[in-house]
Amino acid sequence: MAKELTSRSENYSQWYQDLVIKADLAENSAVRGCMVIKPYGYAIWEKMQAELDRMFKETGHVNAYFPLFIPKSFFSKEADHVEGFAKECAVVTHYRLKNDENGGVVVDPDAKLEEELIVRPTSETIIWNTYKNWIQSYRDLPILINQWANVVRWEMRTRLFLRTAEFLWQEGHTAHATKQEAIEETEKIVDVYANFVENFMALPVVKGLKTANERFAGAVETYSIEALMQDGKALQSGTSHFLGQNFAKAFDVKFASKEGVEEYVWATSWGVSTRLMGALIMAHSDDNGLVLPPKLAPFQVVIVPIYKSMEQLSSISDKVDEIIAKLKAKGISVKYDDNDNKKPGWKFAEYELKGVPVRLAMGPRDLENGTVEIARRDTLEKNVVEINGIENYIETLLDDIQNNIYKKAFDFRAANTVKVDTYDEFKEVLKNKGGFILAHWDGTSETEEKIKAETKATIRCMPLEYEEEEGTCIYSGKPSTRRVLFALAY
RNA sequence: CGGGGUAUAGCGCAGUCCGGCUAGCGCACCUGCUUUGGGAGCAGGGGGUCGUAGGUUCGAAUCCUACUACCCCGACCA
């Protein structure tokens with residue numbers, strides 16, 4: 001399965017990186033581990049942002065913005081949190097440069113900051129330090145804020161979109177009067193994420209709870225959505241954390257309840273990042289390039305004219321303008337590529353590489369017959385159809401493509417999800433097939449860590465939807481009442 | 001930080017083992033003509049301190065030494 005995908009190069013990782021670059025989505029920058037997102041890639045991200053932002057607002061959230069820099073002392077107030085992020089922080093120590101003798105510049109040793117600033121790897125600490133001033137009474141709650149921002153995590157090894165030193169994301173940070181309300185918020189967001197990834201990215205996900213080992217640093221409970229990539233590896237695509245009162249206690253955020261009792265605030269935080277771009281690319285692409293779901297494509301339809309003379313182009317353009325007007329009236333986004341510098345064949349290949357869902361080609365033949373050639377990216381099928389009523393045809397086709405891409409990913413996942421009952425079987429599947437593995441686990445971190453050390457597979461999550469089932473842990477043989485989801489992961 | 005690899009035109013590479021005369025190929029770029037229904041053809045053209053520094057030699061992209069940068073595999077990790 002995954003092997004076919006990689007036909008253009010030796011390994012999937014190489015193939016993926018090549019595709020990202022060739023499809024003009026992003027490239028490595030001069031700064032180690034950082035990425036330049038190019039206009040076409042950013043246009044896809046903007047579509048994602050727009051939909052997510054709408055969904056957050058529909059669920060009562062508002063946007064705000066907090067500082068990029070976090071004083072070191074804030075950062076270290078929550079013990080687990082600082083421990084989790086300490087090894088990957090960029091730190092600002094000085095605020096000025098000066099000229100040196102050789103005409104270059106050096107850091108001015110006299111400009112050392114009294115307290116170092118951490119470039120945010122996530123904003124819980126700066127935000128909770130701020131919330132402290134905002135919250136006095138139960139009347140100030142809940143606070144339901146989201147921030148669109150960049151964060152920096154100084155990873156050892158990076159890969160375009162999947163793990164970069166700097167990445168774009170949204171992070172929600174909410175404050176609640178009760179534990180119950182905070183848990184409901186955490187779960188509500190998991191649903192928003194799953195809804196977005198499934199309905200817009202056309203990628204099925206498993207919602208679940210992280211084990212203690214995989215939990216966010218400082219969280220009481222971490223929910224995640226996990227998606228399966230075409231090479232059989234799992235990609236954590238979004239997380240929502242129930243933070244309990246950990247941050248409220250660390251930053252001393254208390255409120256007076258209705259009963260007049262002083263209590264610590266309950267918190268959640270949640271985020272998805274440009275990593276979703278990686279998921280989108282890896283989940284659907286084929287050897288001709290990207291396959292974009294219509295709901296996220298920067299333009300859904302591209303029109304390519306085929307002509308011999310400028311007069312011919314002009315009459316084709318007239319006809320195309322009519323089509324464009326009809327499509328736009330339906331809310332369908334169109335690009336007309338009448339660039340005379342590239343030939344039709346070149347354009348066909350180019351827009352396939354870029355994953356444009358539908359391509360129309362119009363030439364002299366079509367002009368005569370009142371037709372247009374329609375090619376769909378997901379199946380590469382081509383049809384000649386009447387221009388009359390084309391807008392309805394395309395509207396339906398776009399829905400079809402969206403559904404078909406989802407179905408393909410869904411079927412792939414179904415075909416690559418297996419239940420295993422022995423450790424040998426487990427190792428066998430990992431080695432030969434990959435994919436999601438449902439197996440019994442004794443619930444201990446020790447077992448989880450041993451399995452990881454021996455096979456590199458991790459517990460992606462304990463799915464929210466599961467069946468009670470008597471069984472024994474594949475590793476320790478101890479009793480278990482349910483299966484959990486294992487996989488190799490990005 | 002370990003193990004492996006690479007550095008030659010904007011990009012991708014050959015040439016290096018075994019030193020030699022003007023450093024070559026593909027893509028891209030420029031000019032012209034013919035083309036245009038799946039990444040056009042022909043002809044002509046421009047573009048290089050061969051990663052940096054030093055050494056050996058009549059002669060170095062090629063051999064030696066040091067340095068630097070990047071990539072891959074690990075370790076680390078949303």
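Bear in mind the structure is a predicted one, so any value in this text is a computation, not a measurement. Note on naming: letters A, B, ... go to the chains in the order of the sequence lines (proteins, then strands), and numbering restarts at 1 for each one.
Side-chain contact check for A:Tyr131 versus A:Ile143: some heavy-atom pair is nearer than 4.5 Å. Put simply, the side chain of A:Met48 reaches to within 4.5 Å of the side chain of A:Phe196, judged on heavy atoms.
When the side chain to side chain contact (heavy atoms under 4.5 Å, CB included) test is applied to A:Thr222, the partners found at least two apart in sequence or on another chain are A:Lys210, A:Arg215, A:Phe216, A:Ala219, A:Thr239, A:His241. Taking A:Asn199 as the reference, A:Asn195 meet the side chain to side chain contact (heavy atoms under 4.5 Å, CB included) condition, with sequence neighbours excluded. Remark: A:Gln170 pairs with A:Phe56, A:Asn146, A:Trp148, A:Tyr193, A:Trp270, A:Val272 by the side chain to side chain contact (heavy atoms under 4.5 Å, CB included) rule, at least two apart or across chains. Every residue two or more places apart in sequence or in another chain that forms a side chain to side chain contact (heavy atoms under 4.5 Å, CB included) with A:Ala409 is listed here: A:Leu203, A:Pro204, A:His284.
Counting only residues at least two apart or on different chains, no ring-ring contact (aromatic ring centres under 6.0 Å, His included) pair has a member in residues 340-384 of chain A. Sorted by first and then second residue, the pairs that involve residues 365-377 of chain A and meet side-chain hydrogen bond (donor to acceptor under 3.5 Å, both in side chains), not counting sequence neighbours, are A:Asp286-A:Arg377, A:Asp366-A:Thr371, A:Arg376-A:Asp378, A:Arg376-A:Thr379. Sorted by first and then second residue, the salt bridge (Lys or Arg N to Asp or Glu O under 4.0 Å) pairs involving residues 299-318 of chain A (not counting sequence neighbours) form an empty list.
We find that OH of A:Tyr16 is positioned 15 Å from P of B:C71, with the value rounded to whole Å. For the pair A:Asn339 CG and B:U36 P, the interatomic distance rounds to 18 Å; values are reported in whole Å. Computed from coordinates, the A:Asp18 CG to B:C71 C1' distance equals 13 Å when rounded to whole Å. Whole-Å rounding puts the A:Glu449 CD to B:C77 P distance at 11 Å. Atom CG in A:Asp337 sits roughly 16 Å away from atom P in B:G39 (whole-Å rounding).
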Dot-bracket pairing map - RNA chain B, Watson-Crick plus G-U, both contacts under 3.5 Å, | cross-strand: (((((((..((((......[...)))).((((((.....)))))).....(((((..]....))))))))))))....
Evaluation steps, side-chain contact (heavy atoms from CB on, under 4.5 Å), between A:Met277 and A:Trp45: CA-CA 7 Å; A:Met277 295 282 295; A:Trp45 176 240; 4.2 Å; yes
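Using a 4.0 Å heavy-atom cutoff across all strands shown, A:Lys382 reaches at least one base atom of the nucleic acid. If you check every strand for non-hydrogen atoms under 4.0 Å, A:Pro121 touches nothing. Among the atoms of the strands shown, none is found under 4.0 Å from any heavy atom of A:Arg159.
Between B:G38, B:G39, B:G37, one nucleotide has an atom nearer to the side chain of A:Leu353 than all others, and that is B:G39. Nearest to the side chain of A:Lys456, among B:G39, B:G37, B:G74, sits B:G74. The side chain of A:Glu88 sits closest to B:C77 out of B:C77, B:U36, B:G38.
Of the candidates A:Phe251, A:Phe247, A:Trp128, A:His81 forms a ring-ring contact (aromatic ring centres under 6.0 Å, His included) with just one, namely A:Phe247.
Between the P atoms of B:A60 and B:U56, the separation comes to 12 Å (whole Å). B:U16 and B:G2 have their P atoms separated by 32 Å, with the value rounded to a whole Å. Across B:C72 and B:C25, the matching P atoms stand 31 Å from one another, rounded to whole Å.
Side-chain N/O atoms of A:Lys87 include one lying less than 4.0 angstrom from OP1 or OP2 on B:C77.
Relative to the ring axis of A:Tyr40, A:Lys354 places its NZ or CZ within 45° and under 6.0 Å from the centre.
Within a heavy-atom distance below 4.0 Å of RNA chain B, the residues of residues 365-373 of chain A found are A:Arg365, A:Asp366, A:Glu373.
At a threshold of 4.0 Å, the pair A:Lys207-A:Glu465 does not count as salt-bridged, since none of the basic side-chain nitrogens sits closer than that to a carboxylate oxygen.
Of the residues near RNA chain B, A:Met156 and A:Trp169, the one whose nearest nucleotide (by heavy atom distance) lies more toward the 5' end is A:Met156. For the pair A:Gly363 and A:Tyr490, both in contact range of RNA chain B, the more 5′-proximal nearest nucleotide belongs to A:Gly363.
For the atom pair A:Tyr307 OH and A:Met362 CE, the distance stands at 14.5 Å (nearest 0.5 Å).
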Using residues 86-93 of chain A as the side-chain source, report each donor-acceptor pair under 3.5 Å to any protein atom, sequence neighbours left out, with the distance given to one decimal.
none

Per-nucleotide protein contact string for nucleotides 2-7 of chain B (B base, S sugar-phosphate only, - none; heavy atom under 4.0 Å): ------
Quick test: give all pairs of protein nitrogen or oxygen and nucleotides 40-45 of chain B nitrogen or oxygen below 3.5 Å, distance rounded to 0.1 Å.
residue : atom : partner  : partner atom : Å
B:A40   : O4'  : A:Lys343 : NZ           : 3.4
B:A40   : N9   : A:Lys343 : NZ           : 3.2

